[in-house]
Protein chains: 2
Amino acid sequence: MAGKATRQQIVDAADQLFYSQGFDHTSFADIAAAVEISRGNFYYHFRTKDEILDAVIAKRLADRQALLASWDERGGTAQQRIACFIRIVIINQSKIMAWGCPVGTLTSELEKLEHASRNRANEIMALFRDWLVARFEEMGSGAAAQEHALHVLSWSQGVATLAQTFKDEAFVRREVEQILAWLEDLADGERSKDF
Amino acid sequence: MAGKATRQQIVDAADQLFYSQGFDHTSFADIAAAVEISRGNFYYHFRTKDEILDAVIAKRLADRQALLASWDERGGTAQQRIACFIRIVIINQSKIMAWGCPVGTLTSELEKLEHASRNRANEIMALFRDWLVARFEEMGSGAAAQEHALHVLSWSQGVATLAQTFKDEAFVRREVEQILAWLEDLADGERSKDF
DNA sequence: GCACCTTTAGGATGATTGTCCTAGATCGTC
DNA sequence: GACGATCTAGGACAATCATCCTAAAGGTGC
């Protein structure tokens, strides 16, 4: 259990705390307390708060990349894989109701802080966007793929924000059903183009 | 220019700063500097940061109530008034691209802080929701009015979040056109029920 | 011109912040 | 079992934070 493990623990704890409390409101002491290490030890691994943020962003980016890759590897149609993305808001429902979308709330906070790493955080959102674009292209949406991708991404952000505000499970379920129906119609439409 | 004016200036400056920087990240000194008054004078008007927050929430609530009332008073169909709501994201586009939705980002931040006033902030979102519900009922949506209202509200939050992240004007325009078309279809559907 | 209330100024306070430093503990390698 | 590298602990630092205090200025009524 060398420093590698400690470093990982710090990043994991910071990831969770930045999500639940926000980046700015989370202090070195908070993270150190969560990992149960001294501030001195902490400083050995990360010398500035920005370094931790960059590590958290890198971790989140890697996690999401792995998640998307796992859906791709599992196979299935593009439509089915987009549906996996849509259903995240149900799978992570309790967390989303408490703290919103981890990606959307971080990018929003860093934009307001005009933080130097805000563009790096935006890359996580761009990762989702680009993956969705590729899936819609795969579905046959062509030039409209970008538009559809942003539509789904925007939808997910809206649902997350309102879920956090009103904590209405039925709302989330309804919205998921509606967008899945929209996706189904779209896929039907693209398929009928082939004839 | 007695204390009334100073108090109003403080609330206005705090409103703007809470929006652009976030509540937590805005200090007494920031607000005092914006109004160009001393911290002592500040303290005379507001003894705690929470008091300023409550005043800002009250102002925002009143402002939005007045805005909604102005649309109602201007007349027009329920559909036209809902369209006014939808078009806010275009009217306030530059601010939204910089700082997101003032309502959504504040509620999200206060939820994360578990701040005592978070329910009061949520009331602003509830104000929009209830107004939209009433308009959809007016349109003839009946039991589906709540669902449609949350759909539009959720849509606005998603567009605001993505607009802040990607700063893509074309995306905002497209989304507005799409939801207006959805609203048009819905209104057509409700009208055809009458026959 | 005096008394009174509202408003303003600016310094003081203790807590917390991010950051830094030094000293000791633990480890693998020989 | 000794040595150098890695890791940990905890105190010190200046800056900033929300909050509080006292004193003076400004205005109003008599």
Side-chain angles (χ1 to χ4, degrees), chain A residues 1-58 106 109-110 112-118 120-121, chain B residues 1-58 106 109-110 112-118 120-121:
Chain A
M1 61 173 66
K4 204 67 164 291
T6 302
R7 196 192 146 90
Q8 194 58 49
Q9 278 185 300
I10 291 172
V11 174
D12 289 347
D15 186 15
Q16 172 60 32
L17 284 169
F18 289 174
Y19 181 26
S20 60
Q21 303 189 344
F23 165 72
D24 197 55
H25 191 252
T26 300
S27 68
F28 271 61
D30 288 337
I31 304 171
V35 188
E36 290 181 317
I37 58 170
S38 65
R39 279 163 300 127
N41 188 5
F42 197 142
Y43 183 70
Y44 173 76
H45 292 282
F46 294 98
R47 291 212 308 272
T48 70
K49 204 178 169 184
D50 292 350
E51 275 184 36
I52 312 172
L53 176 61
D54 284 342
V56 167
I57 291 173
L106 182 67
E109 182 181 2
L110 295 186
K112 290 206 185 206
L113 298 178
E114 297 189 73
H115 194 284
S117 295
R118 66 187 188 277
R120 288 173 50 76
Chain B
M1 58 174 68
K4 205 65 163 292
T6 303
R7 195 191 147 92
Q8 194 58 48
Q9 278 185 299
I10 292 173
V11 174
D12 289 347
D15 186 15
Q16 173 60 31
L17 285 169
F18 289 174
Y19 181 28
S20 60
Q21 304 190 343
F23 165 72
D24 198 54
H25 192 251
T26 300
S27 68
F28 270 61
D30 288 336
I31 305 171
V35 188
E36 291 180 315
I37 59 170
S38 65
R39 279 162 301 124
N41 188 4
F42 198 141
Y43 183 71
Y44 171 77
H45 293 283
F46 294 98
R47 292 211 306 272
T48 70
K49 206 177 168 185
D50 292 351
E51 275 183 38
I52 310 170
L53 176 60
D54 284 343
V56 168
I57 292 174
L106 181 67
E109 182 182 4
L110 295 186
K112 292 208 186 207
L113 297 178
E114 298 190 72
H115 194 284
S117 295
R118 76 185 113 108
R120 286 173 51 75

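Lettering follows sequence order; numbering is per chain, from 1.
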Measuring to OP1 and OP2 of [N], would you say a side-chain N or O of [X] lies under 4.0 angstrom away?
{"X": "B:Ser27", "N": "D:dT16", "answer": "no"}
{"X": "B:His45", "N": "C:dT8", "answer": "yes"}
{"X": "A:Tyr43", "N": "C:dT19", "answer": "no"}
{"X": "A:Asn41", "N": "D:dC7", "answer": "no"}
{"X": "B:Ser38", "N": "C:dT8", "answer": "no"}
{"X": "B:Thr6", "N": "C:dT8", "answer": "yes"}

>> Less than 6.0 angstrom from the centroid, inside 45 degrees of the normal: does B:Lys112 satisfy that with respect to the ring of A:Tyr19?
In response: no

Send over the distance from [X] [atom1] to [N] [atom2], rounded to a whole Å.
{"X": "A:Asp50", "N": "C:dC20", "atom1": "CG", "atom2": "C1'", "result": "16 Å"}
{"X": "A:Phe28", "N": "D:dA12", "atom1": "CZ", "atom2": "P", "result": "20 Å"}
{"X": "B:Phe42", "N": "D:dC20", "atom1": "CZ", "atom2": "P", "result": "14 Å"}
{"X": "B:Glu36", "N": "C:dG10", "atom1": "CD", "atom2": "C1'", "result": "17 Å"}
{"X": "B:Phe23", "N": "D:dC17", "atom1": "CZ", "atom2": "P", "result": "14 Å"}
{"X": "B:Asp30", "N": "D:dT19", "atom1": "CG", "atom2": "C1'", "result": "16 Å"}
{"X": "A:Tyr44", "N": "C:dG24", "atom1": "OH", "atom2": "P", "result": "19 Å"}
{"X": "B:Ile37", "N": "D:dA24", "atom1": "CD1", "atom2": "P", "result": "21 Å"}

> For A:Phe23, does its backbone N or O pair with a side-chain atom of A:Glu109 as donor and acceptor, under 3.5 Å?
Replying inline: yes

> So how far is it from A:Ile52 CD1 to A:Phe18 CZ, rounded to the nearest 0.5 Å?
Replying inline: 5.5 Å

> Which nucleotide in the list D:dA12, C:dT8, D:dC17 gets nearest to the side chain of A:Arg39?
Replying inline: D:dA12

>> Suppose the criterion is salt bridge (charged side-chain N to carboxylate O under 4.0 Å, His left out): which pairs have a residue in residues 12-30 of chain A, not counting sequence neighbours?
In response: A:Asp12-A:Lys59, A:Asp15-A:Arg60

>> Suppose we screen for salt bridge (charged side-chain N to carboxylate O under 4.0 Å, His left out). Which residues come up paired with A:Arg118, at least two apart in sequence or across chains?
In response: A:Glu111

> Starting at the 5' end of DNA chain C and moving along, which residue's nearest nucleotide shows up first, A:His25 or A:Arg47?
Replying inline: A:His25

